[in-house]
J.: 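One structure is given below, represented as structure tokens, and several questions about it will come after.
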Amino acid sequence: MHFTSAQRLDDGVLEREFTLGEIPGTLWTPESAAPAPLILMAHNNGLPKAAARLVARARHTAAYGYAVAAVDAPGCGDRPRSAADEQARASLRRAVQAGEPVDDIFESFVGPLVEKAVPEWRSTLDALLALPEIGGPVGYSGWAAVGIRLAVVEPRIAAAGFFAGGYVPRAQREEARQVTIPLLLLLQWDDEGNPRQRALDLFDAFGSKEKTLHANMGGHTGTPWFELEDGGRFFDRHLK
């Protein structure tokens, strides 16, 4: 892991850009002498780590005593896109503009993205836990599709908060039954891009004995800010 920049923000959080091989990432750490618990934070369907909503969530979470890391998934953010990536994105835009079904396109795009992203997240986790300022346990917040796979294959993930608004491939909907860690699922009741019943079915499928569903009125980007506070209390119960 190679740090390429660092700045101390107004709230005392240290924000550092890093690279790990081809993986670009950002790490936010609080002002603390003790090693901080870690939360891996991913945006739905591979949106960039620099997205304003993700950065705001990360800074707020770090200020409450967590180390927070985000990376750009393959073909996303600052990373080069393959011809297949560009074709899938173009097909998705055309389908959305034409009002056509998009599930098959999402499946062809998000499914392979999960397969590529999860090994990179595990490598990133290895590097982060080697830093003296970061300790365990580890939580995950955000993109449900990647989080489900990580929760299944990565025993170091102790708790997870998922957003129901991103497309979850069929493979991960089946894998949800193997997820047994404490879980918080956020659902926007009127999400125009994600059928409500599919999100409810996903929640029902999780194998966790402790799982909580928070549903709020509103569309895809309307998640209330207080859910970040509630999510913080969820992670406090399981990571501190």
Side-chain angles (χ1 to χ4, degrees), residues 8-16 25-44 49 51-71 121-122 124-166 176 179-188 199 202-203 206-216 222-240:
R8 183 71 67 178
L9 305 175
D10 293 341
D11 52 11
V13 169
L14 179 62
E15 179 183 81
R16 287 175 286 176
T26 307
L27 175 64
W28 296 265
T29 48
E31 286 187 302
S32 173
L38 173 65
I39 294 178
L40 306 178
M41 193 168 285
H43 219 329
N44 274 350
K49 63 181 177 62
R53 284 182 293 153
L54 186 147
V55 171
R57 286 167 48 218
R59 289 184 57 174
H60 184 87
T61 303
Y64 276 83
Y66 291 95
V68 182
V71 301
W121 270 113
R122 298 188 75 184
T124 302
L125 179 56
D126 290 339
L128 290 168
L129 290 179
L131 298 174
E133 62 268 38
I134 297 178
V138 180
Y140 175 91
S141 175
W143 185 9
V146 161
I148 290 169
R149 172 63 62 81
L150 268 177
V152 170
V153 303
E154 181 49 76
R156 292 173 291 185
I157 304 293
F162 294 151
F163 293 166
V179 175
T180 58
I181 59 175
L183 181 68
L184 174 64
L185 182 68
L186 295 183
L187 168 63
Q188 285 301 103
L202 178 65
F203 179 75
F206 286 119
S208 303
K209 291 182 179 180
E210 181 182 336
K211 57 181 178 180
T212 301
L213 174 68
H214 283 190
N216 291 282
T223 303
W225 184 253
F226 64 72
E227 287 292 358
L228 185 59
E229 303 286 349
D230 287 348
R233 286 188 284 271
F234 167 80
F235 284 119
D236 285 349
R237 290 196 299 274
H238 300 291
L239 302 183
K240 288 186 174 181

J.: Do the side chains of L40 and L38 get nearer than 4.5 Å, heavy atoms only?
T.: yes
J.: When you check the gap from the basic side-chain N to the acidic O, do D126 and R156 get nearer than 4.0 Å?
T.: yes
J.: Output the distance between atom OH (Y140) and atom CD1 (I39), rounded to the nearest 0.5 Å.
T.: 12.0 Å
J.: Contact between E210 and H238 at the side-chain level, heavy atoms closer than 4.5 Å - yes or no?
T.: yes
J.: Mind checking the CD1-CD1 spacing from I157 to I181? Nearest 0.5 Å is all I need.
T.: 6.5 Å
J.: About how many Å separate CG of L125 and CG of L128, when rounded to the nearest 0.5 Å?
T.: 6.5 Å
J.: Once you round to the nearest 0.5 Å, how far does CE of M41 lie from CH2 of W143?
T.: 15.5 Å
J.: To the nearest 0.5 Å, what is the distance between CZ on R53 and NE2 on H43?
T.: 4.5 Å
J.: Indicate the atoms forming the closest heavy-atom contact of V68 with A62, along with that distance.
T.: CG2-N, 3.9 Å
J.: Kindly indicate whether the side chain of L9, heavy atoms from C-beta on, has any atom under 4.5 Å from the side chain of L14.
T.: no
J.: Grab the two heavy atoms, one from K240 and one from P37, that are nearest each other, plus how far apart they are.
T.: CG-CG, 4.2 Å
J.: Between A70 and L54, which heavy-atom pair has the shortest distance, and what is it?
T.: CB-CD2, 3.7 Å
J.: Is there side-chain contact between D236 and Y66, with at least one heavy-atom pair below 4.5 Å?
T.: yes
J.: For the residue pair K211 and F162, would you count it as a cation-pi contact if the rule is NZ or CZ under 6.0 angstrom from the ring centre and within 45 degrees of the ring axis?
T.: no
J.: Where do T212 and L185 land on the side-chain contact (heavy atoms from CB on, under 4.5 Å) test, with the steps shown first?
T.: CA-CA 6 Å; T212 301; L185 182 68; over 6 Å; no
J.: So, S208 side chain and V179 main chain: donor-acceptor pair closer than 3.5 Å or not?
T.: yes
J.: Search all heavy atoms of L150 against all heavy atoms of W121 and return the closest pair with its distance.
T.: CD1-CB, 4.0 Å
J.: Not counting sequence neighbours, list each pair that qualifies as a salt bridge (Lys or Arg N to Asp or Glu O under 4.0 Å) and has a residue in residues 29-44.
T.: none
J.: So which heavy atom on P137 is nearest to which on L239, and how close?
T.: CD-O, 3.2 Å
J.: So does E133 pair up with R16, basic N to acidic O under 4.0 Å?
T.: yes
J.: Are any non-hydrogen side-chain atoms of H214 and L187 less than 4.5 angstrom apart?
T.: no
J.: Side-chain contact, heavy-atom cut-off 4.5 Å: D230 with L228?
T.: no
J.: Within a strict 4.5 Å, meaning less than it, do heavy atoms of the V13 and T29 side chains meet?
T.: no
J.: Do Y64 and P30 touch side chain to side chain, with heavy atoms closer than 4.5 Å?
T.: no
J.: For the CZ atom of F206 and the CG atom of L213, what is their distance to the nearest 0.5 Å?
T.: 10.0 Å
J.: Just to verify, what does T26 make a side-chain hydrogen bond (donor to acceptor under 3.5 Å, both in side chains) with, not counting sequence neighbours?
T.: E17, K49
J.: Which pair of heavy atoms, one from A36 and one from G65, lies closest together, and at what distance?
T.: CB-O, 3.7 Å
J.: May I have the step-by-step check of side-chain contact (heavy atoms from CB on, under 4.5 Å) for H60 and E229, ending in yes or no?
T.: CA-CA 9 Å; H60 184 87; E229 303 286 349; 3.1 Å; yes
